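Reviewing the structure listed below.
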Amino acid sequence: MTDRSAVRVRFAPSPTGMFHVGGARSALHNWAVAHRLGGSFVLRIEDTDEARSRPEWTAGIIDALAWIGISADDPAFEGPLLQSAAAGAHIGAAERLYQQGHAYYCDLTPAQVQERADASGTPGYDGYSRDRGLGPGEGRVLRFRVPDGVTVVDDLVRGRVEFDNSSLEDFVLVRSDGSPVFVLANAVDDIEMGITHVIRGEEHLPNTPKQQLIWSALGHAPPVWAHVPVLVNESRKKLSKRRDKVSLDQYREEGYLPEAMVNYLMTLGWTPPGAEEAGTEIMSWPDMEAVFDLADVNSSPAFFDVRKLDAFNGEYIRAMDVDEFVERATEEIPDDWDRDRFARIAPLLQERTVRFDEEIPGKVDFLFIPDGTDVEIDDASWAKATKAEWAEPLFADVIDAYEALTDDRWRTDVLKSEYERVMTTYGIKLGKAQAPVRVAITGRSVGPPLFESLEELGRDETLRRLAVARPRFGSG
RNA sequence: GCCCCCAUCGUCUAGUGGCCUAGGACACCACCCUUUCAAGGUGGCGGCACGGGUUCGAAUCCCGUUGGGGGUGCCA
């Protein structure tokens with residue numbers, strides 16, 4: 001027995017082999033409502049269209065959900081249920097609808113329907129078979145007999161939406177091959193599963209009156225509807241996998257943290273109460289879940305802005321435990337790099353990291369060059385760092401000072417103070433003064449803090465690189 | 001074409017008739033800090049699509065216009 005008072009929501013993706021960020025947001029909304037209201041979250045795979053259904057895709061969906069914190073192990077989680085397994089219920093419901101006069105058979109082919117529409121000048125199906133009393137048969141579809149009147153959809157995010165039934169036309173419930181159509185299957189599944197809240201994307205709003213009609217024809221009060229606005233791209237078109245980067249997995253591979261993705265996704269169309277006072281929209285899932293309310297969700301489409309996602313990701317990365325950061329960052333470096341050396345330098349990268357992709361190795365690769373191979377020095381950077389009058393003499397002085405250092409004094413603090421001692425002669429600040437050496441050592445003008453890098457590189461290699469670079473002064 | 005939805009800074013939003021000289025976040029710009037780059041701090045730029053009403057008073061309510069989007073299958 002289903003407890004009718006208990007909240008039950010569902011997330012019903014079709015298995016397409018790719019999990020959409022919009023789907024993730026929708027799943028999060030459902031998850032938040034289920035938890036907040038002490039209800040359950042049902043995962044239903046809409047695999048009716050067999051041509052695009054693959055078992056491994058269901059596993060992919062579960063994995064993607066787990067990544068954003070919707071765990072199949074959570075007590076609120078139910079499923080996965082396969083829509084195809086309920087085919088009998090769909091047909092049974094269709095039969096009932098027919099028996100009770102809420103549906104009727106029609107033998108017109110799509111082409112014939114089109115012909116009649118063209119002839120009359122009124123688009124759509126004209127109700128041709130409404131009163132012809134046709135029974136089931138070869139090549140016949142079952143159509144819903146849409147009653148006169150108005151269907152009012154009460155939507156949590158949109159309010160009251162009215163549809164004149166005359167604009168609905170007698171839509172198909174069962175195809176001529178006997179298979180149920182989406183609106184029927186979807187509504188019947190929701191009824192059978194005791195779904196109380198249907199929370200989904202706005203693109204479903206237009207077929208909601210049809211489903212509501214089915215619910216009531218089947219003798220049920222409609223569920224609570226909530227149609228959340230779609231996610232759009234920079235040209236304000238609905239995010240599509242054809243032209244936009246929408247795969248959750250792809251973001252995952254690029255090194256976005258699930259917490260950041262979840263947090264960002266939730267801020268699209270909704271601001272956590274208190275975010276303004278706090279001066280930040282960064283908020284943990286438990287905190288968001290505790291205050292999330294569909295009625296507070298905005299009703300206009302939201303642009304998926306990767307720049308803001310990046311900002312969130314950076315915040316979450318900086319908030320990570322250092323060891324955790326190092327461990328995660330290590331996954332991104334080439335196999336032949338010295339793990340220990342990387343672990344020593346990696347903490348310096350934490351606040352400089354926005355994503356865990358290529359930028360990690362690219363920032364410290366100068367420390368992992370094979371013995372005997374020179375760094376590739378960027379000419380423009382070298383030219384800029386050494387164009388001042390003081391550059392060449394300072395460079396020479398630094399070499400002298402560093403050569404005088406014994407191995408046991410080759411430490412960040414000493415390297416820095418020696419550098420500062422040398423540069424006072426030239427009356428410049430460390431910010432400028434460190435440039436020539438930085439380029440000589442790393443090949444670039446930007447990178448992790450210099451003296452820490454020199455300590456890690458070691459005395460011999462540092463001195464060697466400085467010696468290799470020095471002749472460049474003469475050659476302009 | 002028809003049906004439906006939407007409309008506050010570049011972006012995401014707060015705002016539910018007076019608290020709005022419209023607030024925050026991201027981005028951008030400037031300055032500060034500084035061992036480059038970041039991070040951090042301070043400040044700045046920037047918006048209620050338009051036109052009519054209603055009201056003592058409108059970002060907020062109503063109507064229209066314009067603009068955008070979604071849906072219009074025997075797809076899901």
Side-chain angles (χ1 to χ4, degrees), chain A residues 12-14 16 46-49 51-52 83 106 108-110 113-114 121-124 139-143 153 155 157-158 161-164 166-169 171-183 185-186 201-209 227 229-230 232 234-238 264 267-271 273 275-282 296 298-305 307-312 314-315 318 348-354 363 381 385 412 415-416 419-420 429-435 437-439 442 444-453:
Chain A
S14 52
T16 60
E46 308 243 317
D47 61 346
T48 304
D49 187 356
R52 43 196 243 202
Q83 181 167 64
C106 175
L108 252 36
T109 63
V113 169
Q114 187 57 50
T122 314
R140 293 179 182 174
V141 298
L142 184 67
R143 285 182 179 274
V153 171
D155 192 287
V157 346
R158 273 147 223 289
V161 184
E162 286 188 18
F163 294 85
D164 194 318
S166 64
S167 71
L168 259 28
E169 71 187 54
F171 54 93
V172 172
L173 294 171
V174 180
R175 300 186 185 93
S176 55
D177 68 0
S179 63
V181 142
F182 168 76
V183 272
N186 194 265
E202 146 183 54
E203 66 271 21
H204 289 286
L205 188 54
N207 63 48
T208 303
H227 289 91
V230 293
V232 299
E234 54 286 341
S235 19
R236 308 219 63 90
K237 298 263 196 271
K238 187 171 77 162
Y264 175 63
T267 65
L268 292 175
W270 181 69
T271 303
E276 183 165 345
E277 296 70 48
T280 178
E281 291 174 344
I282 299 295
D296 295 333
N298 218 54
S299 48
S300 48
F303 169 53
F304 187 88
D305 188 355
R307 288 185 305 174
K308 189 158 178 179
L309 208 212
D310 281 343
F312 274 43
E315 290 236 28
R318 271 171 254 132
L348 295 174
L349 299 179
Q350 187 164 3
E351 68 185 22
R352 295 170 172 75
T353 301
V354 168
K363 278 171 182 153
S381 297
T412 298
L415 290 165
K416 185 184 180 199
Y419 210 111
E420 286 170 329
K429 291 227 195 161
L430 189 51
K432 287 187 175 214
Q434 52 93 48
V437 172
R438 172 181 294 283
V439 178
T442 71
R444 289 187 286 274
S445 56
V446 299
L450 185 61
F451 306 110
E452 288 80 347
S453 299

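Chain A is the first sequence line, chain B the second, and so forth, proteins listed ahead of strands; every chain is numbered from 1. Note that this is a predicted model, so its numbers are computed, not measured.
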First encountered from the 5' end of RNA chain B, between A:N298 and A:P448: A:N298
Sugar-phosphate only, base, or nothing, as touched by A:F182 at under 4.0 Å among non-hydrogen atoms: base
Touch class at under 4.0 angstrom, heavy-atom based, for A:V141 against every strand present: base
Gap between atoms CD and P, on A:E452 and B:C37 respectively (whole Å): 15 Å
C1' gap between B:U36 and B:G23, integer Å: 37 Å
Same-atom distance (P) from B:C33 to B:G15, integer angstrom: 39 Å
Separation of the P atoms in B:G46 and B:G24, to the nearest angstrom: 14 Å
Below 4.0 Å: OP1/OP2 of B:G70 and any side-chain N or O of A:R158: no
Those residues that, when tested against A:R140, pass salt bridge (charged side-chain N to carboxylate O under 4.0 Å, His left out) (two or more places apart): none
Partner nucleotide, any strand, of B:G46 [Watson-Crick/G-U, under 3.5 Å]: none
Any strand: nucleotide that pairs with B:U55 via Watson-Crick or wobble, under 3.5 Å: none
Closest nucleotide among B:G70, B:G68, B:C5 to the A:E203 side chain: B:G70
A:R175 and A:S179: side chain donor to acceptor below 3.5 Å: yes
Which nucleotide in B:U35, B:A76, B:C12 has an atom nearest any side-chain atom of A:A302: B:C12
Which nucleotide in B:A39, B:U35, B:U36 has an atom nearest any side-chain atom of A:L450: B:U35
A:P123 side chain, from C-beta outward: closest of B:G69, B:C12, B:G1: B:G1
Touch class at under 4.0 angstrom, heavy-atom based, for A:T109 against every strand present: base
Sugar-phosphate, base or nothing in reach of A:L348, heavy atoms under 4.0 Å: nothing
Sidechain-backbone polar pair: A:R352 side chain, A:L348 backbone, donor-acceptor under 3.5 Å: yes
Gap in Å between the two C1' atoms, one belonging to B:U66 and one to B:A49, rounded: 8 Å
Distance, P atom - from B:G69 to B:C75, rounded to whole angstrom: 27 Å
Separation of B:C12 P from A:D310 CG (nearest whole Å): 16 Å
Selection from B:C74, B:U35, B:A38 that lies nearest to any side-chain heavy atom of A:E351: B:A38
Output one line per pair: protein atom, nucleotide atom from nucleotides 24-29 of chain B, and distance, for all N/O pairs under 3.5 Å.
unit_1	atom_1	unit_2	atom_2	d
B:G24	N2	A:E281	OE2	2.8
B:A25	O2'	A:E281	OE1	3.4
B:A25	N3	A:K308	NZ	3.2
B:A27	O2'	A:R307	NH1	2.7

Non-hydrogen atoms of A:Y419 and A:A433 that approach each other most closely: OH-O, 2.6 Å
Interatomic distance where CG belongs to A:D47 and P belongs to B:C75 [whole Å]: 16 Å
Sugar-phosphate only, base, or nothing, as touched by A:S299 at under 4.0 Å among non-hydrogen atoms: sugar-phosphate
Nucleotide forming a Watson-Crick or wobble pair with B:A7, both distances under 3.5 Å: B:U66
Under-3.5 Å donor-acceptor pair between A:E234 side chain and B:U11 base: no
Residue A:R175, side-chain heavy atoms: nucleotide from B:C75, B:U35, B:U36 that is nearest: B:C75
Between B:C6 (C1') and A:E202 (CD): distance, integer Å: 7 Å
A:T442 side chain vs A:R444 backbone, donor-acceptor pair below 3.5 Å: yes
Rounded distance in Å between the P positions of B:G40 and B:G1: 50 Å
Atom-pair distance (CZ on A:F163; C1' on B:G70), nearest Å: 11 Å
A:N207 side chain near B:G70 phosphate (N/O to OP1/OP2, under 4.0 Å): no
Phosphate contact (B:U35 OP1 or OP2) by A:K432 side-chain N/O below 4.0 Å: no
Face-to-face contact A:H204 to B:G70 six-ring, under 5.5 Å, under 30°: no
Under 3.5 Å donor-acceptor, A:R158 side chain and A:H227 backbone: yes
Polar side-chain contact A:S176-B:C74 base: donor and acceptor under 3.5 Å: yes
Donor-acceptor pair, side chain of A:E202 and main chain of A:V230, under 3.5 angstrom: yes
Polar pair under 3.5 Å, donor/acceptor by atom type, side chain A:R352, base B:U36: yes
Sugar-phosphate, base or nothing in reach of A:R444, heavy atoms under 4.0 Å: nothing
Span that lies between the C1' atom of B:A22 and that of B:C45, in whole angstrom: 16 Å
Whole-Å C1' distance, B:A39 and B:A7: 37 Å
Heavy-atom closest contact (A:T353 atom, A:L349 atom, distance): OG1-O, 2.7 Å
A:V232 and A:K237, any side-chain heavy atoms less than 4.5 Å apart: no
Heavy-atom pair with the smallest gap, counting every atom of A:H204 and A:F182: CE1-CZ, 3.8 Å
Backbone of A:A311 reached by a side-chain donor or acceptor of A:Y264 within 3.5 Å: no
A:K416 side chain, from C-beta outward: closest of B:A7, B:U35, B:G68: B:U35
Touch class at under 4.0 angstrom, heavy-atom based, for A:F171 against every strand present: nothing
Touch class at under 4.0 angstrom, heavy-atom based, for A:G269 against every strand present: sugar-phosphate
Spacing of A:L349 atom CG relative to B:U35 atom P, expressed in whole Å: 19 Å
First of A:K429 and A:S300 reached from the 5' end of RNA chain B, by closest nucleotide: A:S300
Touch class at under 4.0 angstrom, heavy-atom based, for A:T412 against every strand present: base
Selection from B:A39, B:A76, B:U36 that lies nearest to any side-chain heavy atom of A:P449: B:U36
